[in-house]
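Beneath this line is the structure, given in structure tokens, with notes to follow.
Naming convention: chains lettered A, B, ... in sequence-line order (proteins, then strands); numbering from 1 in each chain.
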Protein chains: 2
Amino acid sequence: MNLDTKYWYLRDHKLFSVLSSSELKSICMISNFKSAKKGEIILFSHDENTRVYFLKKGTLKIVEIDDKGNEIVKDVLQKGDIFGEFTLTESQSDEYAVAVSDSVICCSFKMDDFEKLLEKNPQLSLSYTKWMGFRFKRLQNKYANLMFKDVRTRFKSFLEEWASKEGMANSDEIILKNYLTHQDIASLICSTRQTVTQLFNELKEQGILDYSRTEIILKKVA
Amino acid sequence: MNLDTKYWYLRDHKLFSVLSSSELKSICMISNFKSAKKGEIILFSHDENTRVYFLKKGTLKIVEIDDKGNEIVKDVLQKGDIFGEFTLTESQSDEYAVAVSDSVICCSFKMDDFEKLLEKNPQLSLSYTKWMGFRFKRLQNKYANLMFKDVRTRFKSFLEEWASKEGMANSDEIILKNYLTHQDIASLICSTRQTVTQLFNELKEQGILDYSRTEIILKKVA
DNA sequence: CCTGAATTGTCGGCTAGACGACCTATTGAA
DNA sequence: TTCAATAGGTCGTCTAGCCGACAATTCAGG
């Protein structure tokens, strides 16, 4: 990938928009771009070169394998999201990322480099901290949901959140391109495949939604 | 409280130890110290003066009231912990802090002031970000526990963590000063009062621990 | 166009653990 | 010292939703 494209992708991120063009050019040099097609895996390196990743284009899911060898989907990320060792602390986990949209582009920095970058740019550093604070709150929210809400409620909230992020609204319905299996959704809302299937059918009968393998249509209730 | 004492308390925090003494003196001026006795409540202000709090001495619990008026204990904090609006984003929640040790001292900054402080001190800023990253991981861990472990396991992990933080180890046992009710513990591990009581008695019968209202004694298994 | 693999649909059994009820023990304020 | 409030103890009931099993459908690669 040529420098101009890198430059453009970097500046495109809200976090980096505060940087001057010369600063941007210099971080172009320490950034590492990677692209992946649907289904391809992006591994996080676990050696001394732990990295912080920025998703520049497309959608991907963060996945972990449990004891029994099952795929647990931990999160679904969109353009602009940050993943990898974004807590800036080494850790051993078996997470990896899988591209779920046709073409995924992400860029990464070595954790050490990224830390130096933050130290040199107080404004960037503060934005990054706030971004992490935001992520913290989101997780807090997920935790509270799991604590107090039943599966049905979590399922509905999940769909609503998804719709608000990626839904294409029509006059009386919201259309979602569905790239998740029931199993995926189950692990995201902390339930089981069967229960998710049942919930889909239940809401379908109630006329709240319609779905196929490729699409979910949420009816706007009058 | 006089400036010297403030100064001393501030410098005592790992995060602030990187600052020069003149910097420390200047943040003395914008810091607000508060102390509380056992059972007293420290309210977070929810106006434009949202604050970031540092616990300097003692132990406190972060509490929220649910729909039915029940106290939910969300966290228990020790000296050195940070609370309040540490995500640096305004939010409306009904959290407050209750002192559970005899004498609690904490200091706070207006969020805006604290942000300026971070912008002026890149090193402090980076440490703060890493601290938040650490908190994020801890929460991630709690979430995973809730997802995959049963109540018994969560209860045991809870005790172990507590012991590692505050336990006083004897030759063959670890003694914990108990300032939490079964109800408190229940909400921390996401269960119910009755179940916690049962678990305590179960582990007692197994000879794994002993407990009273004021003390929990974990037997080291040979 | 076939075929095995992946995904979805459905059912019944089962259990962890929530919940209500009620009783006892402890505490602390007056 | 008393008494109300709070905390702990115990027991049955009940159910959300997990889990295994298996069939039906869909898909993707040859």
Can you list the residues that meet the ring pair (Phe, Tyr, Trp, His ring centres under 6.0 Å) rule with A:F54, with sequence neighbours excluded? A:H13, A:F16, A:F109, A:F114
All side chain to side chain donor-acceptor pair (under 3.5 Å) counterparts of A:R135, not counting sequence neighbours: none
Please give, in whole Å, the distance from D:dG20 P to A:N70 CG? 10 Å
Residues which pass ring pair (Phe, Tyr, Trp, His ring centres under 6.0 Å) with A:F158, listed by chain and number, not counting sequence neighbours: A:W162
Within the structure provided, determine whether B:L180 and B:V100 are in side-chain contact (heavy-atom separation under 4.5 Å). no
With sequence neighbours excluded, tell me which residues meet ring pair (Phe, Tyr, Trp, His ring centres under 6.0 Å) with A:F83. A:F44, A:Y53
Residues forming a side chain to side chain donor-acceptor pair (under 3.5 Å) with B:S127, sequence neighbours excluded: none
Can you confirm whether the side chains of A:Q140 and B:Y143 place a donor and an acceptor under 3.5 Å from each other? no
Those residues that, when tested against B:K14, pass salt bridge (Lys or Arg N to Asp or Glu O under 4.0 Å) (two or more places apart): none
How close or far is atom P of D:dC19 from atom CG of A:D66, stated in whole angstroms? 11 Å
Taken in chain and number order and not counting sequence neighbours, the residues that satisfy side chain to side chain donor-acceptor pair (under 3.5 Å) with A:N178 are none
Without decimals, in angstroms, what is the distance between A:Q194 CD and D:dG20 C1'? 8 Å
Is the terminal nitrogen or CZ of B:K204 (NZ for Lys, CZ for Arg) located under 6.0 angstrom from the six-membered ring centre of B:Y211 and within 45° of that ring's axis? yes
Tabulate atom names and distances for all N/O pairs under 3.5 angstrom spanning the protein and nucleotides 6-8 of chain D.
unit_1	atom_1	unit_2	atom_2	d
D:dA7	O4'	B:R213	NH1	3.4
D:dG8	OP2	B:H182	N	2.9
D:dG8	O4'	B:R213	NH2	3.3

Let me test you: for the helix from C:dC1-D:dG30 to C:dA30-D:dT1, what is the angle between the axes at its two ends (five pairs each), rounded to 10 degrees? 50°
With a strict under 4.0 Å distance from non-hydrogen atoms of chain A, what nucleotide opens and what nucleotide closes the contacted stretch of DNA chain C, reading 5' to 3'? C:dT7 to C:dT10
Report yes or no: do A:K137 and B:S91 form a side-chain donor-acceptor pair below 3.5 Å? yes
Who pairs with A:S171 by side chain to side chain donor-acceptor pair (under 3.5 Å), at least two apart in sequence or on another chain? none
Hey, does B:V98 have a side-chain heavy atom less than 4.5 Å from the side chain of B:L60? no
DNA chain D contacts among residues 144-162 of chain A, heavy-atom distance under 4.0 Å: A:D150, A:V151
